[in-house]
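Below is one structure, written out as structure tokens, with a few remarks after it.
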Amino acid sequence: MRTTMSCRTAALCVGLLCVAAAPGASAQANRATAAAPAATVSVGAGDRIVLDAREALRRRDARQLADAKRAIEPLRHPLAPWVDYWELTQRLREVTPDEVEAFYARWSGTYVEDRLRNDWLLELGKRRQWDAFQADVPRFRMNDDREVTCYAALADHLDGRDVGARAREAWFAQRDADDGCHLLARTLLAAGVFTSADVAAKTRLAVERNQPRAARQALELADVASVPAGWWDQPERALDRAPAGRRADLLDALALGRLAAADPDRAAQRLDDGLAARLGPDASLWAWGQTARWSALRLQPQAVERYERLPAMIARAPGAPALADDVWAWQVRAALRAEPTRWDLVRAGVDAMGEATRADPTWVYWGARADLALAPAGDAGRAPRERAQQALASIAGPMHFYGKLAAEELGRPQALPPRPPQLTAGEREAARRNAGLARALHAIDLGLRSEGVREWNFTLRGMDDRQLLAAAQLACDREVWDRCIATSERTQGLVDVAQRFPTPFRDTVVGQSQGAGIDPALVYGLIRQESRFVLDARSHVGASGLMQLMPDTARWTARKVGVPLRAGQVTDLETNLKLGASYLRLVLDDFGGSPALATAAYNAGPGRPRRWREGPVLEPAAWAEAIPFGETRDYVKKVLSNAVVYSALLADAPLALRPRLGPPIGPRADGEPAANQELP
């Protein structure tokens, strides 16, 4: 449990540790202990060189890295490519193209070859060596670096090619300020390929995405006479620039967007007090969209009224850029929280989304629910009801949150997918002999999880379903649960539920769950989302173990349940499970037994869901969808959906999600015990 955003962050901080137990491997799954990735590994001479080299990389000790490279070369160690890569990247600014080509040849086809190519392409871009860049970029297999994409578009532009559309797409996708995308934008703006409208669109995107460095960098390209220092954090300084009656510019719109994030009511007041008229129809529409969005994010009832303004504003600005899909997603969520539910705004919000977003099961489900609610009684409503049922049928299935809800809305019993045909000895042997998978597992065994995960994922590229299942099984057999689950989840036509939803440490999980009065399926669903069964998983905020307990939470719970807790014991399997299950029981009790509220509290701390439950009484699915924090919203849905599958696997229970969501959610009822303010 983490009182800051936790589950996904914790997984990322340990190299995406998420994984599952091997299907059928009951002896492994029932163990009370498991080997930690590095602590119990026997480290040989070559392994020690690798670990020392990784430490030298952390210290930026170029001399020790060079020594390690020389020492490991004659050993033919499987991780020698990594030592070579670390050594070369420490002097990348000085290396020659010949050295890089020699590295490519030494490790042809490996992850580190393509990883170095990514680094080298960035270096060539910074050196402005476009001929060399153009010669190498076609060999970049991952092709997933946005700055490389920007450099590539710029190089093509300098060669006289038309790059407008893809260059704009690459610039808009930029996550943060960087040299490549800024140079591309500056060059194409000077060439007349980009326009002031593109600059405005980019800066607005950066504000919407909370990317201050990218916003400031893009604003440098705009025709804004005066940009006050600190405008991002103090937006009213920009809005109050003299003279008072001056014509509004791009910075005013951006500042209004920032003000809306901090204080939607103040932003609405500024717009109504004359700023909207000064901004003009296009910028005013965007500013009101941001104000409505942030009102919804703050669960303000005023959000609905602010969204109701948008259709008329869109009509007055026919050429304005479309509002972001996230604006419309929050219209749907605000409408779900309205009393009574504003199904008309739900339907309108879904319809306003782009085609790809509208096809997401989330919006298919809520759009269909709106159609069912809005359909007239009798024959007049038959057509919209049939359309809604077809939409629900298109997403119905047992493997995800809205698929389960859609099936239940249709009254269709669901069953888990049948297990695929057993892997052949040849398929398993091919996975075992795959050099990339072997290197990845060796790295993970040594505690180099980040390197191992990246090598593993690169090696999976191009595998078909059977190969993926074999790779997943290899990870399961090695108890590298995060790679097992993540790999099995990549399959499209074949679903091995036992791989995707393993039950390692089964006797201990079941015993500690039942001892705390918790359904083991819920505990398994939570662990799968929290740590993916990695015993020593640790988040950047300090949450530890299978159930990702914060130190203060672990100590508080230990005192509550009378468990002695020694330093470092929180990652012990039985201790972590006992404290985690006990804490979850206390959270459930504090929230009246509501699994949705309790899982939100486990992820975000109890104070936030106490605030989020205020307002109208909502069905749990609507309440969960309107959780303001994206991580917690995703967490609640996944944990409860996981629990349904685990309940079927552990107890042959029906695949029913709605009972798992608990009763309607609203403010504490009269007579209900007060909140436990001690609960961390």
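When reading the values below, keep in mind they use all heavy atoms of this one structure, side chains included, and skip hydrogens, waters and symmetry mates.
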- Query: In chain order, what residues pass the side-chain hydrogen bond (donor to acceptor under 3.5 Å, both in side chains) check against S295, with sequence neighbours excluded?
  - Reply: Q300, R306

- Message: When you measure from the centre of the six-membered ring of Y635, is the NZ or CZ of R633 closer than 6.0 Å and no more than 45° off the axis?
- Response: no

- Item | ring-ring contact (aromatic ring centres under 6.0 Å, His included) partners of residues 198-230, not counting sequence neighbours, each pair once | none

- Could you list all the ring-ring contact (aromatic ring centres under 6.0 Å, His included) pairs where at least one residue sits in residues 293-332, not counting sequence neighbours? none

- Sequence neighbours excluded, the answer for side-chain hydrogen bond (donor to acceptor under 3.5 Å, both in side chains) partners of R298 is none

- Apply side-chain hydrogen bond (donor to acceptor under 3.5 Å, both in side chains) to D159 and list each qualifying residue two or more places apart in sequence or on a separate chain. Q134, R161

- Hey, could you give me each pair passing ring-ring contact (aromatic ring centres under 6.0 Å, His included) that has a residue in residues 160-180? Not counting sequence neighbours. W171-F194

List, one per line, each side-chain donor-acceptor pair under 3.5 Å for residues 179-186, sequence neighbours excluded.
from, atom 1, to, atom 2, distance (Å)
D179, OD1, R128, NH2, 3.1
D179, OD2, R128, NH1, 2.8
D179, OD2, Y151, OH, 2.3
H182, NE2, E220, OE1, 3.4

- Message: Side chains of D465 and T491: any donor to acceptor distance under 3.5 Å?
- Response: no

- Message: I'd like to know if the side chain of R660 pairs up with that of S641 as donor and acceptor (distance under 3.5 Å, no hydrogens or angles considered).
- Response: no

- Note on the structure: Applying salt bridge (charged side-chain N to carboxylate O under 4.0 Å, His left out) to D249 and not counting sequence neighbours gives R241

- Message: Quick check for you: to the nearest 0.5 Å, what is the distance between L405 atom CG and L661 atom CG?
- Response: 6.0 Å

- Scan for side chain to side chain donor-acceptor pair (under 3.5 Å) pairs involving residues 614-624, sequence neighbours excluded, and state none if there are none. R369-E619

- Query: Do the side-chain N and O atoms of E408 and Q414 include a donor-acceptor pair separated by under 3.5 angstrom?
  - Reply: no

- Task: Would you list the pairs meeting ring-ring contact (aromatic ring centres under 6.0 Å, His included) in which at least one residue belongs to residues 374-394, sequence neighbours left out?
- Result: none

- Message: Going by salt bridge (charged side-chain N to carboxylate O under 4.0 Å, His left out), name the residues that satisfy it together with R613, two or more places apart in sequence or in a different chain.
- Response: none

N/O donor-acceptor pairs under 3.5 Å from side chains in residues 227-235, not counting sequence neighbours:
from, atom 1, to, atom 2, distance (Å)
Q234, OE1, R237, NH1, 3.1

